[in-house]
Number of protein chains: 2
Amino acid sequence: MAQRDTGTEQLIKDTAKRIFFSVGKLHATTQDIADAAGVNRTLVNYYFRSRDILFEQVAEEARAEMSEQLESVFSAKIEFKEKVQRLITVFMDQAIKFPYREMYVVTAFKRTDKTVPDEKKNRIKKFLAEIKEEMELGRIKKMDPRQFLMNLFSLMAYPLITTCINKSLYNINDKEYLKLMQERKQLIFDMIYQ
Amino acid sequence: MAQRDTGTEQLIKDTAKRIFFSVGKLHATTQDIADAAGVNRTLVNYYFRSRDILFEQVAEEARAEMSEQLESVFSAKIEFKEKVQRLITVFMDQAIKFPYREMYVVTAFKRTDKTVPDEKKNRIKKFLAEIKEEMELGRIKKMDPRQFLMNLFSLMAYPLITTCINKSLYNINDKEYLKLMQERKQLIFDMIYQ
DNA sequence: TTGTAGTTTAACAAAAATGTTAAACATAAT
DNA sequence: ATTATGTTTAACATTTTTGTTAAACTACAA
């Protein structure tokens with residue numbers, strides 16, 4: 001049987017990803033996505049059967065991609081300090097590309113009463129232990145390791161979620177904002193690690 | 001003419017506020033809100049004419065309330081350090097009550113191409129100058145004052161936006177999470193101010 | 001060339017959400 | 001008690017979004 005693969009299925013997924021996670025239209029319709037992809041809306045149903053299935057697949061793929069990237073950092077046999085450095089680079093680059101991904105996850109969370117996957121729970125649990133160890137060695141300020149993690153992710157994620165507001169607030173364009181975000185990588189490290 | 005005022009109009013607004021900003025159902029329908037308020041959906045149209053007008057009013061009232069609270073902090077004739085302290089208290093208490101308010105603003109921003117009100121722009125401009133001054137006095141670490149502001153608001157807002165994920169991630173209940181958030185007030189001050 | 005199977009489209013159907021109307025209801029003033 | 005007026009409700013209409021179907025289209029192979 002001829003597998004023709006016109007790339008349409010992937011195009012729809014990529015477009016949905018862009019609309020949700022980059023553009024931030026959290027309640028885009030199938031028509032919105034089809035228009036943005038330049039295809040007939042019916043193709044969404046042809047390839048994915050329903051809107052919900054498309055959304056589910058897009059979210060799952062994004063989660064997997066992120067998970068893979070973080071895993072490579074967390075499992076690396078390197079010093080904690082170096083790990084934090086790499087984590088900031090990896091996460092910030094992702095957050096620059098997909099600033100609204102976490103927001104999408106939160107809203108999806110509320111609709112479907114999802115739970116955090118064990119994979120993530122375990123990864124975080126191990127990292128919390130490393131944080132605690134680093135604190136006991138006096139290398140970072142002592143506090144609840146969960147607060148440390150929240151600080152780190154807050155500093156990385158929030159300025160990107162609020163990009164549109166900040167650009168308007170500070171009267172700056174995309175290029176300048178991107179520069180600010182790149183500068184943040186070092187700045188966050190300095191704030192966290194001292 | 002008899003102004004009867006059964007409180008229904010306010011009830012609908014308060015309920016919408018709760019659903020959007022506290023519960024975080026960013027795309028709740030008029031039916032959702034009517035159900036939560038325990039009133040007939042038609043009353044939404046009776047009091048507000050349209051769904052959009054209700055949403056607009058709710059957002060505007062929330063903005064005004066926040067603006068008022070922040071203004072009282074920013075315009076106070078007190079030392080910068082004290083100002084930061086108060087800002088954290090005021091903002092965190094609001095964020096605990098309405099964790100999704102900022103997220104709602106962001107998504108509304110994208111739909112309507114709004115702009116940050118001049119009132120807010122001016123307030124921030126003045127505060128940025130104060131931050132710069134404090135840095136020049138060597139009282140806080142030197143950096144782009146905008147980064148300082150982003151740090152501050154990130155640390156306050158993000159953990160509340162991601163409440164549902166964090167509760168699942170750390171296996172904790174509302175009470176424990178609230179405690180973490182209360183502890184953050186001092187912790188954020190210590191991180192920012194040194 | 002013709003048949004096959006995947007792909008695309010338009011027309012239609014169904015469901016969900018919003019908006020309108022008229023009548024029922026309730027309360028305060030006359 | 002009656003009237004007037006604001007409030008609430010149910011039934012209906014409209015719009016928006018989603019899902020289905022059958023036919024048209026296209027590339028490839030026999």
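Proteins get letters first, then strands, A, B, ... in listed order; numbering begins at 1 in each.
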Taking distance alone, no hydrogens or angles, what donor-acceptor pairs closer than 3.5 Å link side-chain atoms of residues 134-143 of chain B to residues at least two apart or in another chain?
unit_1   : atom_1 : unit_2   : atom_2 : d
B/Glu134 : OE2    : B/Tyr193 : OH     : 2.4
B/Lys142 : NZ     : B/Met135 : O      : 3.1

Listed by chain and number, what are the side-chain hydrogen bond (donor to acceptor under 3.5 Å, both in side chains) partners of [X], not counting sequence neighbours?
X: B/Lys25; answer: none
X: A/Glu60; answer: A/Arg63
X: A/Asp174; answer: A/Lys167

Separation of atom [atom1] in [X] from atom [atom2] in [N], rounded to whole Å:
X: A/Asn40; N: D/dT20; atom1: CG; atom2: C1'; answer: 13 Å
X: A/Ile53; N: D/dG19; atom1: CD1; atom2: C1'; answer: 12 Å
X: B/Asp5; N: C/dA26; atom1: CG; atom2: P; answer: 18 Å

Next on the checklist: Using a 4.0 Å heavy-atom cut-off to protein, can you give one letter per nucleotide of nucleotides 11-22 of chain C, 5' to 3': B if the base is in contact, S if only the sugar-phosphate is, - if neither?
Outcome noted: ------SBBBB-
Next on the checklist: Counting only heavy atoms not in B/Lys121 (residues, nucleotides, ligands), do more than 12 fall under 6.0 Å from its NZ?
Outcome noted: yes
Checklist entry - More than 12 heavy atoms of other residues, nucleotides or ligands under 6.0 Å from CD of B/Gln186: is that the case? => result yes
Checklist entry - Tell me, which of residues 6-23 of chain B have any heavy atom that sits under 4.0 Å from an atom in DNA chain D? => result B/Thr6, B/Thr8
Checklist outcome for this item: salt bridge (charged side-chain N to carboxylate O under 4.0 Å, His left out) test vs B/Glu65 passes for just one of B/Lys13, B/Lys17, B/Arg101, namely B/Lys17
Checklist entry - Taking a hydrophobic cluster as the set of Ile, Leu, Val, Met, Phe, Trp and Tyr residues connected by side-chain heavy atoms closer than 4.5 Å, whether directly or through intermediates, do B/Leu187 and B/Met92 fall within one such cluster? => result yes
Next on the checklist: What contact category does B/Phe48 fall into here, base, sugar-phosphate, or nothing, at under 4.0 angstrom with non-hydrogen atoms?
Outcome noted: nothing
Checklist entry - Has B/Tyr47 got a side-chain N or O lying under 4.0 Å from the OP1 or OP2 atom of D/dG6? => result no
